[in-house]
**Q** 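The structure is given below, and queries will be raised subsequently.
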Amino acid sequence: MKEFFTLAEIDEVTQAVRSFTKYQPKIGLILGSGLGDLANSINQPDFVPYKELPYWPTSTVHGHAGQLVIGELEGQFVIAMQGRAHYYEGYSMAEVTLPVRVMQRLGVEVLIVTNAAGGINPEFVPGDVMFLSDHIAMIAMTGNNPLRGPNLDEFGPRFPDMSQSYDRKLLEIAKTVAKENNIKTFDGVYVSLSGPSFESPADLRFLLAVGADAVGMSTVPEVIIARHGGVRVLGISGISNKANLDGTTITTHEEVLEAGQVLVPKLTTIIRGFLASL
Ligand code: HPA
């Protein structure tokens, strides 16, 4: 496991990705659990299996394919991660976020990050779409910040601002597209925990009390790294299950993947429309 990467190592990976494709992607897309099928809409794709890349974390989780898909979608050149690595799999924060650093070196300016999340807000039901208006970086607050370690000044400052992690203009574009397509969406706060155990009912009541609308095990590390490098971010949660605040139901990975079936068409419509409007 590598705790930190140097710029030279990041560029070694960047060169390896370049050797697979002639495209110069400007938009990055991270596809969460059960949402990988979104990448199937990409035209004339080049594929880069994660295992062909040095240092690259490969996801061990069912529902994550493990390749980059680079090509054209709605007039934009995109690089999509079909599957992401998580901290709970045993990777360092630097490894989990290496793909975002590589995207930055490839020239990506906008990152669309998706995830499957548990709905804490009592209004949410499985299959709902929530745009991230902000996050609670619980995993980072308690010491596992992906920027811990030597600062890479080429990307950004030692103490980067996180006051507008989710770009308001991008959010407005995405909301307009959803509305035009009659897709109901919510705005909300995503809280990231390390996982892999799901939350206890008391954990969930705590998270509700501190202002979280949805909970998951990803996304925030990638967003912190993207913002450090000045990349604009659109964050979308697909609500896969209702948080079990009173302990009367159980949560399974299978239901998370099942909700992906309902969510993929909605997110595909939103993301395609968003790209077309950029
Ligand atoms: N908790 C944490 N992570 C999740 C959940 C959940 O309920 N659903 C999907 N990812």
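Note that the numbering runs from 1 along the sequence shown for the chain. Source: prediction; values computed, not measured. Start at 1 and go down the list; that is how both ligands and their atoms are numbered.
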**Q** Does one side chain, of Ser218 or Asn115, offer a donor that lies under 3.5 Å from an acceptor on the other?
**A** no
**Q** When you check ligand 1 against the protein, what N or O pairs turn up below 3.5 Å? List the atom names and distances, or just say none.
**A**
unit_1   : atom_1 : unit_2 : atom_2 : d
ligand 1 : 1 (N)  : Glu199 : OE1    : 2.8
ligand 1 : 1 (N)  : Glu199 : OE2    : 3.2
ligand 1 : 7 (O)  : Asn241 : ND2    : 2.9
ligand 1 : 8 (N)  : Gly118 : N      : 3.3
ligand 1 : 8 (N)  : Ser240 : OG     : 3.4
ligand 1 : 8 (N)  : Asn241 : OD1    : 2.7
ligand 1 : 10 (N) : Ala116 : O      : 3.3

**Q** Any cation-pi pair here, Lys2 with Tyr55, using under 6.0 Å and within 45°?
**A**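 Positive - Lys2 is close enough to the ring of Tyr55 and near enough to its axis.
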**Q** Please say whether the positively charged group of Arg101, taken as NZ for Lys or CZ for Arg, lies over the ring of Phe5, i.e. under 6.0 angstrom from the six-membered ring centre and within 45 degrees of the axis.
**A** no
**Q** Is it true that Phe186 and Phe131 have ring centroids separated by less than 6.0 Å?
**A** no
**Q** Taking atom types as modelled and ignoring hydrogens, do the side chains of Glu95 and Tyr87 form a donor-acceptor contact shorter than 3.5 angstrom?
**A**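 Judged by distance alone, the side chains do not pair up.
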**Q** Should Lys175 and Asp187 count as an ion pair when the cut-off is N to O under 4.0 Å?
**A** yes
